[in-house]
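Take a look at the structure below.
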Amino acid sequence: MDVVELNQLRMVVAETTVSAGKLAREMWSQPRQISQKGFRDLVTDADIATQQHITEKIQALYPDHGFLTEEEDSTLPEDGPIIWIIDPIDGTTNYSRQVPEFCVSIAACQPVANGYQPIAAAIYDPMRDELFSAAKGQGATLQNGTGTPRPLQVSTVENTTEAVLALDWSSSADARRSILPMVTDLMRDSFTIRAIGTAALAMAWVAAGRFDAYLNLRLRPWDIAAALLLVQESGGAAADTNGAPLVWDVKGMSCVMSNGRLALKLE
Ligand code: 2AM
Ligand code: CA
């Protein structure tokens, strides 16, 4: 794909993410239908409506592309030269309670051995009108409203004692049990730790240098894909909790995104 095509793809990803976020924002204050799709795992009518809005737009433009979406939709093709990895609302628990921290996360990815390489990605926070966007090799930007996009860069913090970290609690009891000893050590050693309840947005904030690192023991590809490119293009690093390259797993994968300068001890 040449640079012109890549920039065009980035525009489509960004525009779709913003229009989906505006839809989720419009539905925000109306009564929600909330159902439980798994253990400590919610879905609302807004998640479904937003995902449908996204996939209809993408399918009209790229009928041969594939999809990996959070909300199950058997009508969508799984394979194609580009796979769209979509989280229509990341932070559904927040959204369902009108806690104003959530985002839309979309990544156009090339399938690679054992996973995906996002080549164009966007995360949109409709409550702040902040659009984080990136294309592979082209850098990442943050645009506030109709303002000029500004380049994103991870923070320069090197010492854990100065680091503002973020994490989220996974739904599984096992993952919660495993993260607690890590949190005990990190809470002792770091400046502080936040849990904002939307993994994709927290990782976009790592790309923006607001947080120095983000940790999660069990995320799914749609929580990670767009943020991965944002962090890569902002000079940061992504790994699993052993410091090894991310192991893509639709059932759940550990993930540490950081500014690439911190050496966090995770045991
Ligand atoms: P979601 O809101 O799109 O479901 C909050 O703890 C973070 O973890 C959110 O990004 C949330 O994404 C994600 N999350 C919630 N349940 C999850 C699950 N069962 N597997 C993986 N990620 C989950
Ligand atoms: Ca979601």
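Note that these values count all heavy atoms, side chains included, but never hydrogens, waters or copies made by symmetry. Just so we're clear, the structure is a prediction, and the values are computed from it rather than from any experiment. Counting starts at 1 for both ligands and their atoms, in listed order.
Remark: the N216 side chain and the S170 side chain contain an N/O donor-acceptor pair separated by less than 3.5 Å. Between the side chains of D90 and T198, a donor-acceptor pair is found at a separation under 3.5 Å.
Residue-and-atom listing of protein N/O/S atoms under 3.0 Å from the Ca ion (ligand 2), sorted by chain and number: E70 OE1, D87 OD1, I89 O.
Under the ring pair (Phe, Tyr, Trp, His ring centres under 6.0 Å) criterion, W169 pairs with no residue at all, not counting sequence neighbours. In this structure, N94 has no side-chain hydrogen bond (donor to acceptor under 3.5 Å, both in side chains) partners at least two apart in sequence or on a different chain.
R150 CZ: 12 or fewer foreign heavy atoms inside a 6.0 Å radius.
Atoms CD and CG, from E267 and D185 in turn, are 7.5 Å apart once rounded to the nearest 0.5 Å. Atom CG of residue L165 and atom CZ of residue R194 lie 10.5 Å apart, to the nearest 0.5 angstrom.
For a heavy-atom separation below 4.0 Å, the residues in contact with ligand 1 are D41, E70, D87, I89, D90, G91, T92, D168, W169, S171, G197, T198, A199, R218, R220, D223.
Residues I224 and W248 form a side-chain contact, since some pair of their non-hydrogen atoms from C-beta on lies under 4.5 Å apart.
Between D174 and R177 there is a salt bridge, since a side-chain N of the basic residue sits under 4.0 Å from a carboxylate O of the acidic one.
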